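Notes for the one structure printed next.
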Amino acid sequence: MRIGELARRTGISERALRYYEEQQLLRPERRRSGYREYAEGDVRTVRNIRTLLAAGLSTYTIAEVLPCMTDDGDALVPACPELTTVLSQDRDRLTTAIDDLLAARDILDAIIAAGGSETAQTASDPAPAAAPAG
DNA sequence: CTTCTCACA
DNA sequence: TGTGAGGA
């Protein structure tokens, strides 16, 4: 199938699909016309890519992890022994990132609290800076 | 009509 | 990533 069909069947933009190829996540064949020709299994591969992306993995990590994953229909299963190690390392990376974010939030909370009487909203308030027109 | 590459708001 | 140009 060509990129348009894969895009429709996965809900992923053609732009993203081409990007995945650039990142070595997909390697569709090429016709003489230059058009990409995707395999039927790529539909599932794209879904797996989205899952891994949602898990916070970088496209680089996904590229090296994808070939070591087996998809039993509804769940991704590690197929290589060293895979779980890589995944654990990324989990640790996420833990660190989370801790950093919590610390950053604490700092903001302290500053906000220092505002005292000021309209202190702990919740998220919409404040997107308006772009200067002109 | 569909896809391709490339550059940029 | 989105969008649009310019071409096949």
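Reckoned from all heavy atoms, side chains included, excluding hydrogens, waters and symmetry mates. Below, read A as the first sequence line, B as the second, and so on, with proteins coming before strands; counting in each chain starts at 1. None of these values were measured; they are calculated from a predicted model.
- Applying the 4.5 Å side-chain rule to ILVMFWY residues, one finds that A:Y35 remains a lone member of its cluster.
- The pair A:E22-A:R18 does not meet the salt-bridge criterion, since no charged nitrogen lies less than 4.0 angstrom from a carboxylate oxygen.
- A:Y60 and A:L52 are not part of a single hydrophobic cluster, where members link through side-chain heavy atoms under 4.5 Å apart.
- In terms of modelled atom types and a separation under 3.5 Å, the side chain of A:R31 and the main chain of A:R2 share no donor-acceptor contact.
- Sorted by first and then second residue, the salt bridge (charged side-chain N to carboxylate O under 4.0 Å, His left out) pairs involving residues 47-64 of chain A (not counting sequence neighbours) form an empty list.
- Interface residues of residues 40-48 of chain A facing DNA chain B, ordered by number: none; criterion, heavy-atom separation under 4.0 Å.
- A:I111 belongs to a hydrophobic cluster whose other members, connected by ILVMFWY side-chain contacts under 4.5 Å either directly or through intermediates, are A:I107.
- Grouping Ile, Leu, Val, Met, Phe, Trp and Tyr residues whose side-chain heavy atoms lie under 4.5 Å apart, directly or via other members, leaves A:L108 alone, with no other cluster members.
- Residues satisfying the side-chain contact (heavy atoms from CB on, under 4.5 Å) criterion with A:E29, sequence neighbours excluded, are A:E37.
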Note to self: Only Watson-Crick and G-U wobble pairs with both distances less than 3.5 Å should count. Give DNA chain B in dot-bracket notation, marking inter-strand partners with |.
What the structure shows: .|.|||||.
Output a table of donor-acceptor pairs, distance under 3.5 Å, between side-chain atoms of residues 73-88 of chain A and any protein atom two or more places apart or on a different chain; print 'none' if there are none.
| from | atom 1 | to | atom 2 | distance (Å) |
| --- | --- | --- | --- | --- |
| A:T84 | OG1 | A:P81 | O | 3.4 |
| A:S88 | OG | A:T84 | O | 2.9 |

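- Heavy atoms from other residues, nucleotides or ligands lying under 6.0 Å from CZ of A:R91 number 12 at most.
- Looking at residues 7-20 of chain A, you'll see A:S13, A:R15, A:A16 sit with a heavy atom under 4.0 Å from some atom of DNA chain C.
- Just one residue in the list A:R30, A:R15, A:R27 forms a salt bridge (charged side-chain N to carboxylate O under 4.0 Å, His left out) with A:E21, and that residue is A:R30.
- Residue pairs meeting the side-chain hydrogen bond (donor to acceptor under 3.5 Å, both in side chains) criterion with at least one partner in residues 95-107 of chain A, sequence neighbours excluded, are absent.
- To the nearest 0.5 Å, the span separating CD1 on A:I49 from CG on A:L57 amounts to 11.5 Å.
- Using a 4.0 Å cut-off between charged side-chain N and carboxylate O, A:E40 and A:R9 make a salt bridge.
- Neither A:V65 nor A:L94 shares a network with the other; the hydrophobic side chains, linked directly or stepwise wherever heavy atoms of I, L, V, M, F, W or Y lie under 4.5 Å apart, form separate groups for each.
- Where DNA chain B meets chain A (any atom under 4.0 Å from a heavy atom), the bounding nucleotides read 5' to 3' are B:dT2 to B:dT5.
- In the region residues 21-36 of chain A, proximity to DNA chain C at under 4.0 angstrom, judged on heavy atoms, holds for A:Y35.
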